[in-house]
Amino acid sequence: MKIAEIKEMSTSDLLERVEAEVVSYNQMVINHSISPLENPAQLKQLRRTIARMKTEIRQRELNNK
């Protein structure tokens with residue numbers, strides 16, 4: 001997900017998406033520990049996407065103060 005797409009989302013949608021992505025990431029890590037993923041770079045990509053979304057949420061919190 002690109003930064004522009006993240007900035008277009010509403011805060012509530014962003015919070016829901018972060019929760020869903022974290023669950024997806026955790027499941028992917030568990031699956032990877034049992035049997036290796038075909039593309040382990042997906043873990044890195046998903047982790048960074050979650051970080052981007054959390055950063056945008058935090059920026060919005062700071063701007064509202």
[atom1]/[X] to [atom2]/[Y] distance, rounded to the nearest 0.5 angstrom?
| X | Y | atom1 | atom2 | value |
| --- | --- | --- | --- | --- |
| Glu56 | Arg17 | CD | CZ | 14.0 Å |
| Glu21 | Asn26 | CD | CG | 11.5 Å |
| Ile57 | Ser12 | CD1 | OG | 10.0 Å |
| Met28 | Ser33 | CE | OG | 12.5 Å |
| Leu46 | Gln27 | CG | CD | 12.0 Å |

- Message: Could you report the tightest heavy-atom contact between Tyr25 and Leu43, atom names first, then the distance?
- Response: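 Heavy atoms of Tyr25 and Leu43 come nearest at CE1-O, 3.7 Å.
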- Over all heavy atoms of both residues, which pair between His32 and Leu37 is shortest? Give the atoms and the distance, please.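 Closest heavy-atom pair between His32 and Leu37: ND1-N, 3.1 Å.
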Do [X] and [Y] touch side chain to side chain, with heavy atoms closer than 4.5 Å?
| X | Y | result |
| --- | --- | --- |
| Arg48 | Arg52 | yes |
| Glu61 | Arg58 | yes |
| Arg60 | Leu14 | yes |

- Query: Do side-chain atoms of Thr55 reach the backbone of Ala51 as a donor and acceptor pair under 3.5 angstrom?
  - Reply: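 Present.
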- Query: Within the distance-only criterion (no hydrogens, no angle test), does the side chain of Asn63 pair as donor or acceptor with the backbone N or O of Gln59 below 3.5 angstrom?
  - Reply: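 Yes, because the side chain of Asn63 sits within donor-acceptor range (under 3.5 Å) of the backbone of Gln59.
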- Message: Membership question, hydrophobic clusters at under 4.5 Å side-chain separation (ILVMFWY): are Ile3 and Val18 in the same one?
- Response: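 No, because Val18 and Ile3 fall into different hydrophobic clusters, even though each may have its own neighbours under 4.5 Å.
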- Would Lys2 and Glu5 pass as an ion pair if we require N to O under 4.0 Å?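 Answer for the salt bridge query: no.
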